[in-house]
Every structure is written in structure tokens, then in C-alpha cells.
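Comments concern the structure below.
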Amino acid sequence: MLLVCCDIPSQPLKVVINKKKTFQTIDGFGASDAWRCQFVGQNWPDTKKEKIAELLFSKELDKDGNPKGIGLSMWRFYIGAGTTEQGDASDIKNDWRRAESFVDVEGNYDWNKQAGQQWFLKEAKSYEVDKFLAFSISAPVQWTKNGKGYNGDNKDGEINLKPEHFDDYAQFMVEFLKHFKSEGIPFDYLSPINEPQWDWEKTSQEGTPATNDNILKLIELLNTHIKKNDVSTKIVIPEAADLRWLYSNFGKPERGDQIDYFFSPKKDIENLDNTISGHSYFTTWPIDSLITIRQKLNNKLSEHPNLDYWQSEFCILEKSDDIGGGRKRDLGMDTALYVARVIHADLTLANASSWQWWTAVTRADFKDGLIYIDTGNENDLYDQESLKTDGVFHDSKLLWALGNYSRFVKPEMERVDVKLNQDKPLKAQYNDLMLSAYVNPNTSELAIVALNYSNDTKNIDLSHYDIDNMYVTSKDKNLESITVNKNNITIEARSVNTFTGFLKD
């Protein structure tokens with residue numbers, strides 16, 4: 001007699017939360033308006049740009065209980081350096097990567113500049129986005145050493161700013177803060193330097209290097225002007241171009257070891273936020289690097305128990321076996337899952353309290369946006385001129401996967417310890433099922449994010465927790481609301497899932 005053995009369904013993996021073991025408090029999830037919002041916000045038809053804003057900022061649900069948007073809790077506003085006014089003389093050929101300046105050569109201010117970005121800023125305010133950050137990547141061109149918004153051939157690592165204009169640059173940024181405060185949009189944070197480790201010699205965009213000494217001089221002046229002008233904005237630094245410059249010199253001693261330089265001990269600057277920020281570029285592949293670099297960063301941060309870490313900019317630049325490199329847009333799940341895994345690593349290994357994507361809207365054939373715009377004409381999808389006034393837009397799976405975090409992991413939530421009742425090495429988890437959990441200590445509101453990187457479905461047991469819903473992003477779902485059976489929940493292969501509810505005592 002032949003016996004045929006049937007597959008026995010595996011028992012669901014039990015989720016175990018230890019709410020007494022807490023980690024970082026969440027500050028928020030964000031994205032920036034650079035550079036494409038300038039034309040979309042100023043010129044596109046209202047119905048289209050309003051829908052884009054809804055996708056980015058809305059916290060509302062539709063009639064089926066699905067989120068209308070990803071509910072970003074932080075919006076980054078780019079303070080331009082005036083390369084738009086220079087036109088072709090700026091040397092930046094692509095005018096989608098130039099920016100206007102609020103101050104001219106004579107020192108006169110025009111607050112009508114950057115109108116498209118201001119449109120999105122006001123929309124973010126109307127959607128009650130929690131926090132606003134302004135960032136600058138170059139001084140206004142009239143104050144730079146070479147009269148340009150990029151650095152040119154200077155290789156000494158010094159900031160592209162004439163010594164006599166340091167104070168002008170600081171005062172300009174504080175005038176910006178004062179103006180928008182008077183308009184009812186007080187900025188919570190100001191980031192005056194961006195990726196100071198690069199030399200910014202190429203004519204592709206605005207940018208400047210800066211040594212740690214340069215940064216210190218600038219933020220001391222900013223602090224003075226902030227105090228004089230009764231502005232409550234906090235200064236955040238240094239937006240390191242690579243996480244390794246935060247905890248080591250990484251070949252650039254004058255621009256590295258930035259945690260120790262600024263926070264061992266913390267510089268005596270009243271309005272310097274107790275936060276260090278860096279970018280996750282070039283640290284995400286292979287998996288060993290993704291893990292070990294963040295573990296090293298966390299080891300350094302552990303020497304400064306009151307110092308928060310922000311991952312403040314990321315898109316796809318480095319090549320990987322999983323998704324290739326940055327070139328060619330990908331609206332599907334492969335890039336979404338890759339980025340979700342980076343978010344998971346930054347939150348759980350480096351204890352990032354904020355995670356911020358590079359640019360909210362893109363017209364490029366590149367993996368750098370949440371929402372993609374084009375002409376709709378397959379023969380000329382990326383025509384620069386016609387896209388300045390109209391076009392079509394596409395949401396991406398990346399948008400919605402970020403929403404699995406940004407929509408439900410809210411400011412003031414604390415990350416808490418969560419495990420599965422299985423013994424799997426850390427590296428293996430990064431190609432399988434990854435969990436993180438967050439609780440509001442005052443309301444007990446709970447969010448669990450489950451990222452299934454594998455090609456197999458998984459079953460989990462959440463019966464010990466008061467779960468009311470799950471939201472799924474997968475190849476055919478965009479934060480789709482699904483009612484759950486807490487005893488046996490199926491996690492789709494290649495999906496990002498958020499469970500919401502309350503954590504019982």
C-alpha cells in the first residue's frame with residue numbers, strides 16, 4: 001500500500017512584544033520639495049497638483065477604509081541659492097536643478113520667489129503636517145567664492161563662501177525663518193549644510209563642501225541671529241553624505257568623526273538640536289554592509305545616550321544585485337521592498353528617530369522619487385519644457401511602502417522590542433520576515449510593521465494584542481485595509497504590512 005504524505009500547514013509564528021524594552025522616540029517621516037515641486041506647484045493644473053499633495057500629506061481614509069495618502073509628518077523645504085536667476089551663466093544646464101533665491105545681489109528680499117515650493121509648503125500646512133524643516137545646500141551665489149552655486153575646482157574641502165559673508169549667510173537664513181513664522185508656518189528645524197564631504201565640483205546642481213570648523217562657525221552665527229530675532233527653530237547638522245563620516249574620519253579627517261566633533265561634549269550652542277543627521281547612500285549593499293555600518297554607528301551613538309540620530313536623505317544611488325542601480329525608474333515592488341528594508345535597518349539597527357526620503361516628486365528616469373511625472377507621450381516622456389506646465393503623474397509602490405511607516409508610525413511613538421518565536425540569524429532575517437513595533441506611551445496606540453522580503457507567504461499570530469486592522473502594500477495593493485484574524489494572519493510574499501491597534505497591559 002502506497003502512503004502519500006500531505007503537506008502539514010506550519011504553525012503561525014508568534015509575535016512577542018516587550019513594551020518594557022524601549023528604544024528611540026519617533027520624530028517623523030519626511031521628504032523634500034527639491035527640485036521638481038518648483039514647476040509643478042507653480043504651473044500645473046490645480047486638480048493634478050492637489051492630488052499629488054493629497055498622496056503625500058493626507059491622513060484621511062476613503063470610503064473603503066484605505067488611506068488616501070501616506071501622511072508625511074515632516075516636510076523639507078529647499079532654500080535656493082539663486083542659480084535660476086543666473087540662468088545659463090550658472091553653468092547648471094538643467095533648469096529643473098536650479099533654484100531661485102529670496103535675496104538678490106543688492107540685499108533686497110522677494111518673498112514671492114520659489115512660488116511652486118511655497119504652494120506645496122502651504123498644502124503641507126493645511127494637511128497639518130507635524131514638522132517643517134528648511135535646508136540650504138549653498139549660500140546665495142553673490143556671496144560664494146566663485147560666484148556660483150556649485151564649488152568648482154576648489155579641492156581643499158572649505159566651504160564655498162567668502163569669509164566676509166558668513167554672517168550675511170546666517171542672517172539670510174534667519175530672515176527666511178522670520179518671514180515664514182509671520183506667515184503662520186514656523187519652521188521647527190533648519191539644516192544649513194548638506195553633504196559637506198563631497199567637493200561639489202560638478203555643474204549638475206547647487207552644493208558646497210564644508211569642514212567641521214566651517215560648520216561650527218556658521219552655526220554659531222546662526223545661533224546668535226536666532227536668539228536676537230526670537231525664533232524658536234532648532235539647528236540640525238550635518239547631513240553627512242555617508243553614515244561612516246559620522247563615526248569615523250573615513251579618509252576625510254577635517255570633515256569626518258562628526259559625532260565626536262560636535263557632541264563630545266556637545267558644542268555650547270543653545271539652539272543646536274541634540275540630533276546628528278546622515279544619509280544612507282552607499283551603505284545599503286551588500287547586506288553585510290547594511291547591517292555592520294549601522295551597528296558601528298549605533299555603537300558610537302551609545303557613547304552619547306541623549307543624542308538622537310536622523311536618516312535625513314536617501315534614494316537609490318549604489319548598485320545592488322536586487323534592483324540594479326539608480327538609473328531607470330521603478331514604480332513596482334522591487335525598489336519599494338529594497339527601500340523598506342533600508343528603513344527597517346535604519347530604525348532597528350541605528351535607532352533612527354526620523355527617516356526622510358530625498359525628493360517627493362521626480363521627472364527623472366531614476367529611482368529618486370515617490371511620485372513620478374512625465375508627459376504621457378512614450379516618444380518623449382521627459383520633455384523638460386512641456387512638463388513645466390502640465391503632464392501626468394504616477395504614484396509608486398515606494399510611495400505606499402514608505403506610507404506603511406509614515407502613515408502609522410507617528411511622532412512621539414516609541415520603538416519597542418518585538419520578536420518572532422523562531423531563531424533566525426540577523427542576516428537571514430534581511431531576506432525574510434522583518435518586524436518592528438511602535439507604541440504611544442500615553443495612549444497605548446500600537447503600530448507593527450512587517451516586511452516580507454521573501455518569495456513565500458508567512459503566517460503570524462497576533463492573538464495576544466488588540467489589533468484592529470492591517471494595511472498591505474504589495475504588487476496589487478496600495479496600503480489596502482484588510483480585516484484580520486489575529487490567530488493566523490497571512491503575510492503576502494514580497495509585501496510591506498502595518499498592523500494597528502492598542503497594546504494591552
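Hydrogens, waters and symmetry mates are skipped; everything else that's a heavy atom, side chains included, is used. Note that the structure is a prediction, hence the values are computed from the model and not measured.
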Tyr405 and side-chain contact (heavy atoms from CB on, under 4.5 Å): which single residue from Leu347, Ile70, Thr498 fits?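 The side-chain contact (heavy atoms from CB on, under 4.5 Å) with Tyr405 is passed solely by Leu347 among Leu347, Ile70, Thr498.
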So if I apply the side-chain contact (heavy atoms from CB on, under 4.5 Å) rule between Lys397 and each of Asp330, Asn478, Leu402, Leu331, which one comes out positive?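 Among Asp330, Asn478, Leu402, Leu331, the one meeting side-chain contact (heavy atoms from CB on, under 4.5 Å) with Lys397 is Asn478.
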List the residues meeting side-chain hydrogen bond (donor to acceptor under 3.5 Å, both in side chains) with [X], not counting sequence neighbours, and say none if there are none.
X	result
Arg329	Asp374, Tyr382
Asn274	none
Trp75	none

Against the six-membered ring of Tyr471, is Arg407 placed for a cation-pi contact (under 6.0 Å from the centre, within 45° of the normal)? no
If you define the side chain from C-beta out and look only at heavy atoms, does anything of [X] sit under 4.5 Å from [Y]?
X	Y	result
Glu412	Asn442	no
Ile137	Trp200	no
Arg294	Ser280	yes
Val496	Trp400	no

Quick one about [Y] and [X] (side-chain donor to acceptor, distance below 3.5 Å, no hydrogens or angles considered), yes or no?
X	Y	answer
Asp461	Ser463	yes
Ser481	Asn469	yes
Thr375	Asn377	no
Thr473	Asn404	yes
Asp476	Ser474	yes
Ser191	Tyr189	no

Note: [X]-[Y] ion pair, threshold 4.0 Å (strictly below):
X	Y	value
Lys458	Asp432	yes
Glu239	Arg76	yes
Glu85	Lys113	yes
Asp334	Lys367	no
Lys410	Glu445	yes

Do you know the tightest heavy-atom contact between [X] and [Y]?
X	Y	result
Lys68	Ser58	CB-OG, 3.8 Å
Pro12	Asn487	CG-O, 3.6 Å
Phe187	Leu133	CD2-C, 3.5 Å
Ser277	Pro238	O-CD, 3.2 Å
Tyr78	Asp33	N-OD1, 3.0 Å

Determine, stepwise, if the pair Trp355 / Val342 fulfils side chain to side chain contact (heavy atoms under 4.5 Å, CB included). CA-CA 10 Å; Trp355 202 94; Val342 174; 4.3 Å; yes
For [X] and [Y], take the angle between the two ring planes, folded into 0 to 90°, and tell me which bin it lands in: parallel under 30, tilted 30 to 60, perpendicular over 60.
X	Y	result
Trp245	Trp198	perpendicular
Trp35	Trp358	perpendicular
Tyr281	His279	perpendicular

Between Ile237 and Ile215, is the side chain to side chain contact (heavy atoms under 4.5 Å, CB included) condition met? List the steps. CA-CA 8 Å; Ile237 55 170; Ile215 297 170; 4.1 Å; yes
Could you tell me whether Asp230 atom CG has more than 12 heavy atoms of other residues or ligands within 6.0 Å of it? no
Decide side chain to side chain contact (heavy atoms under 4.5 Å, CB included) for Ile287 and Gln429; before the verdict, give the C-alpha distance in whole Å, the side-chain angles of both, and the deciding distance to 0.1 Å. CA-CA 10 Å; Ile287 297 297; Gln429 294 175 30; over 6 Å; no
Matching residue for Ser454 among Thr457, Asn452, Asp456 - test: side-chain hydrogen bond (donor to acceptor under 3.5 Å, both in side chains):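 Only match with Ser454 under side-chain hydrogen bond (donor to acceptor under 3.5 Å, both in side chains): Asn452.
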Derivation of the ring pair (Phe, Tyr, Trp, His ring centres under 6.0 Å) call for Phe176 and Phe180: CA-CA 6 Å; Phe176 168 94; Phe180 282 98; 4.8 Å; yes
